[in-house]
Number of protein chains: 2
Amino acid sequence: MIERIPNLLRAHGIKPSHHRIKVYEYLVEKRNHPSVDMIYQELVQNIPTLSKTTVYNILNLFLEKGLAVMITIDENETRYDADTSLHGHFRCNNCQGIYDLRLDPAAWEWESLDGFEINESHLYFKGLCPECCH
Amino acid sequence: MIERIPNLLRAHGIKPSHHRIKVYEYLVEKRNHPSVDMIYQELVQNIPTLSKTTVYNILNLFLEKGLAVMITIDENETRYDADTSLHGHFRCNNCQGIYDLRLDPAAWEWESLDGFEINESHLYFKGLCPECCH
DNA sequence: TTCATTTTTGTAATCATTCTAAATTTATAC
DNA sequence: GTATAAATTTAGAATGATTACAAAAATGAA
């Protein structure tokens, strides 16, 4: 699993440095739609010299190379997701958790988009998750 | 039209001050999903003493009272929309224009959301608009 | 090793948004 | 109408996420 990450990065035109591998590893293992700070706080424990700028640089590189997508469901901080497949998100306003929503691909086909060339699709819901509905 | 805005504000529990009326008027007349700065730059021409903080205050009040919704389709700035009905948005990465997408209400019914209580729904697409596809 | 390139780092700069307290305006009571 | 209280607006400072930048460190090739 982990030994495949360097090849995956290379396949996307990214030289697999130690930091880049660790950031990608975080994304795929946690699957928690983290902010830059969440990634930084975790990785800095094992890489004491890590700079937050590096995390920004790496994530921007991932976005550019199509290895991750940006999620703007939180108004303050950008979140990131290594799952680049077409899916939606739900954020609970109580526990702040972010859930993946697997939706029928047919649901993403909108007739009113004729003539538009779509590069990104974002579907977000906010409210209360089942646990927080009590 | 315009003389109805005070009543609409009152109906949402908002005292219709001059500034609030002007901000709401901007939203419904332009329908351009503006940022705070866009609203400010326009209104300050007729209200020279206008403060940008006031525009922020008024928009946050509108959000709270359900008179407008927040659109996070732009990564840098929050956009606002006085159309609070269920609809999607498209942002052209070339001309930066934001389009409304009227979608079949049935398309918003997602079976995988059982148990979730939805308060907000956001659907965004990014890419090239028909004009910018050449 | 040496040199060139890439990656990482720390700090400063930027910029949207919020905080705060004072000033102004509006509404109310007398 | 004046005085007082409450609501609104204002200006400037503070916050906080993100980017810019230039130096330092690491990597790779000859």
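Numbers restart at 1 for each chain; the letters A, B, ... are given by sequence-line order, proteins then strands.
Between D/dT10 and B/H19, a contact under 4.0 Å exists linking OP1 or OP2 to a side-chain N or O. Contact check, B/Y56 against C/dT17: a side-chain N or O comes under 4.0 Å of OP1 or OP2. The shortest distance between the side-chain N/O atoms of B/N60 and the OP1/OP2 oxygens of C/dT18 is below 4.0 Å.
Remark: the B/H33 side chain and the B/D74 side chain contain no N/O donor-acceptor pair separated by less than 3.5 Å. Counted by atom type alone, A/R10 and A/N7 present one or more donor-acceptor pairs between their side chains at under 3.5 Å. No side-chain N or O of B/N57 forms a donor-acceptor pair with one of B/H19 less than 3.5 Å apart.
Between the CZ atom of B/R20 and the P atom of C/dT26 there is a distance of 12 Å, rounded to whole Å. Rounded to whole Å, atom P of D/dT8 lies 18 Å from atom OH of B/Y24. As rounded to whole Å, 15 Å separates atom P of C/dA16 from atom CG of B/L59. Here the P atom of nucleotide C/dT24 and the NZ atom of B/K15 are 19 Å apart, to the nearest Å. Atom OH of A/Y80 is separated from atom P of D/dA17 by 12 Å (rounded to the nearest Å). Regarding A/I21, its CD1 atom lies at a distance of 10 Å from the P atom of C/dT8, rounded to whole Å. A/E75 places its CD atom 13 Å from the P atom of D/dT18, with the value rounded to the nearest Å. Following rounding to the nearest Å, B/E77 (CD) and D/dT19 (P) show an atom-to-atom distance of 14 Å.
Within residues 37-55 of chain B, the residues that place at least one heavy atom under 4.0 Å from DNA chain D are, in residue-number order, B/T49, B/L50, B/S51, B/T53, B/T54. Listed by residue number, the members of residues 63-73 of chain B with any heavy atom below 4.0 angstrom from DNA chain D form an empty set.
Salt-bridge annotation for A/E25 and A/K30: absent, with no side-chain N of the basic residue lying under 4.0 Å from a carboxylate O of the acidic one.
Nearer the 5' end of DNA chain D, as judged by each residue's closest nucleotide, is the contact made by B/I14, out of B/I14 and A/N76.
Side-chain N or O atoms of A/K126 include one that pairs as donor or acceptor with a backbone N or O of A/I73 at under 3.5 Å. At least one donor-acceptor pair under 3.5 Å links the side chain of B/R20 to the backbone N or O of B/K15. A distance-only check finds a donor-acceptor pair linking the side chain of A/T72 to the backbone of B/T72 [under 3.5 Å].
Residue-level contact check: A/T78 touches the backbone only, with heavy atoms under 4.0 Å from sugar-phosphate atoms and none from bases.
Every residue meeting the side chain to side chain donor-acceptor pair (under 3.5 Å) condition with A/K52, not counting sequence neighbours, appears here in chain and number order: A/D37.
Residues A/F90 and A/D100 are not in side-chain contact: their nearest non-hydrogen atoms beyond the backbone lie 4.5 Å or more apart.
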